[in-house]
Chemist: 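Pasting in a structure now, in structure tokens, and then I'll have a few things to ask.
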Protein chains: 2
Amino acid sequence: MMVKRTSFEGDSCPIARSLEALGDWWSLLIIREALFGVRRFGEFQSKLGMAKNILSVRLRALVDHGILETAPASDGSAYQEYVLTPKGRGTFPILVALRQWSEEFDDHPEEIATILVDRAKGRPVRKLEMRAEDGRLLSPADTTLKPRPARRRRSA
Amino acid sequence: MMVKRTSFEGDSCPIARSLEALGDWWSLLIIREALFGVRRFGEFQSKLGMAKNILSVRLRALVDHGILETAPASDGSAYQEYVLTPKGRGTFPILVALRQWSEEFDDHPEEIATILVDRAKGRPVRKLEMRAEDGRLLSPADTTLKPRPARRRRSA
DNA sequence: CTTGTGTGGTTGCATCATAAAACCAATTGC
DNA sequence: GCAATTGGTTTTATGATGCAACCACACAAG
């Protein structure tokens, strides 16, 4: 009957495509931990408090998507580690956007334990803002979608 | 046995808290459509191609989370509509971050159909960037987490 | 080398969420 | 009034998740 959890893999919308890799309950939290330097299976498992089997599945999926890669060692032991690729580190703005949305709109902000600060000054970071090429600040209404221009062949 | 799909509702991490509301497969896509002006049940259903029962569940959850609200009419008919609240419109940077991540890192960028442009000039918007209070551009490594300062009572 | 312990998983089973399709009531269009 | 459309709910099948048990390998001690 092929009910199959609807994949967005072939979707032409870039948001749907990113959700294909990041859209489940745990992946972004695993990446969050990885950005804090977590690398080992057991460390992910204990910090996130999740079942080992699904952690296993998620780690493999993140590796398959090129978000994590397995590295042979680091402290000399024969075990492997999971480290972020550039693609994985590129999710940082997504995590910041999620964080700022909670900080601004959560119904119980007093339950939020941490704030993201500029390391040099110890002051909160600014809200992410959308700007035009020339630097003008853009609101959602100032933007629109255009069809992607066809990539021209042979350089330019 | 109470296996219960682990809720992040009580979690103190703002990322986990936002995923509580947005972290499933469809919610962000529903919000994406709503940002484009989609308001009616059938319109969501046909544009997203999703099953009506789960659309029904998702819309109710988004209303419960204060992301959508039901409005009585608009074109005079007796049906209701789903419109974004300010909290719902506040997810825009999240969607932009997801979009830009795909644009930058997707393995098949040629399959991405649209680009987000500045309406006035028709030129692509800039990448979201993280800045300090004083305007310095920040990389992930330039940031750190601090415990949230206790809110002081009675104004300031 | 053998035994014990911790790390890094896999397997089995119960439960939950999701998907497709059928069904249905209220609202419209005619 | 009658048929089609809208906006759902119900039913049923299957995939995903969660927990606990199990297991292989590395490593350390004796």
Chemist: Between D/dG8 and B/Ser56, is there an OP1 or OP2 to side-chain N/O distance shorter than 4.0 Å?
Modeler: no
Chemist: Would you indicate, yes or no, if C/dC16 has its OP1 or OP2 atom less than 4.0 angstrom from a side-chain nitrogen or oxygen of A/Trp25?
Modeler: no
Chemist: Please identify each residue that fulfils salt bridge (Lys or Arg N to Asp or Glu O under 4.0 Å) with B/Asp118, with sequence neighbours left out.
Modeler: A/Arg136
Chemist: Nucleotides 23-27 of chain D: which of its N/O atoms have a protein N/O under 3.5 Å away?
Modeler:
residue, atom, partner, partner atom, Å
D/dC27, OP1, A/Ala78, N, 2.6

Chemist: Apply side chain to side chain contact (heavy atoms under 4.5 Å, CB included) to the pair A/Val117 and B/Thr144, showing each step before the final yes or no.
Modeler: CA-CA 6 Å; A/Val117 299; B/Thr144 186; 3.6 Å; yes
Chemist: How would you list all residue pairs meeting salt bridge (charged side-chain N to carboxylate O under 4.0 Å, His left out) that involve residues 43-58 of chain B, not counting sequence neighbours?
Modeler: B/Asp24-B/Arg58
Chemist: Run the salt bridge (Lys or Arg N to Asp or Glu O under 4.0 Å) test against B/Glu104 and tell me which residues pass, sequence neighbours left out.
Modeler: B/Lys127
Chemist: Between P on D/dA20 and CG on A/Leu55, what's the gap in Å once rounded to a whole number?
Modeler: 16 Å
Chemist: Grab the OH-P distance between B/Tyr82 and D/dT6 for me, whole Å please.
Modeler: 15 Å
Chemist: Send over the distance from B/Leu59 CG to D/dT6 P, rounded to a whole Å.
Modeler: 16 Å
Chemist: Indicate yes or no: does B/Asp142 engage A/Arg119 in a salt bridge with an N to O separation below 4.0 Å.
Modeler: no
Chemist: With a 4.0 Å cutoff (strictly under), does any side-chain N or O of A/Arg60 reach OP1 or OP2 of C/dG9?
Modeler: no
Chemist: Just the rounded figure in Å: distance from C1' of D/dG7 to CG of B/Asn53.
Modeler: 13 Å
Chemist: Among all residues two or more places apart in sequence or in another chain, which pass the side chain to side chain donor-acceptor pair (under 3.5 Å) test with B/Gln45?
Modeler: none
Chemist: What pairs with B/Asp75 under side-chain contact (heavy atoms from CB on, under 4.5 Å), at least two apart in sequence or on another chain?
Modeler: B/Arg40, B/Ser77
Chemist: Checking A/Arg123 now: which residues fulfil side-chain contact (heavy atoms from CB on, under 4.5 Å) with it, not counting sequence neighbours?
Modeler: A/Lys121, B/Glu133
Chemist: Separation of B/Asp75 atom CG from C/dT27 atom C1', in whole Å?
Modeler: 12 Å
Chemist: Going by the rule side-chain contact (heavy atoms from CB on, under 4.5 Å), which residues pair with A/Ser12 if we only count those two or more places apart in sequence or in a different chain?
Modeler: B/Ala113
Chemist: At a heavy-atom distance below 4.0 Å, what parts of residues 36-50 of chain B sit against DNA chain C?
Modeler: none
Chemist: Please report, rounded to the nearest Å, how far the P atom of C/dT18 is from the CD1 atom of B/Ile30.
Modeler: 11 Å
Chemist: Checking contacts here: which listed nucleotide (C/dA19, D/dC19, C/dG9) is nearest the side-chain heavy atoms of A/Gln80?
Modeler: C/dG9
Chemist: Nearest whole angstrom, please: distance from the C1' of C/dC16 to the CG of B/Asp24.
Modeler: 14 Å
Chemist: Nearest-Å distance, CD1 (A/Ile54) to C1' (C/dC16)?
Modeler: 13 Å
Chemist: At under 4.0 Å, does any side-chain N or O of B/Trp26 touch on OP1 or OP2 of C/dA17?
Modeler: no
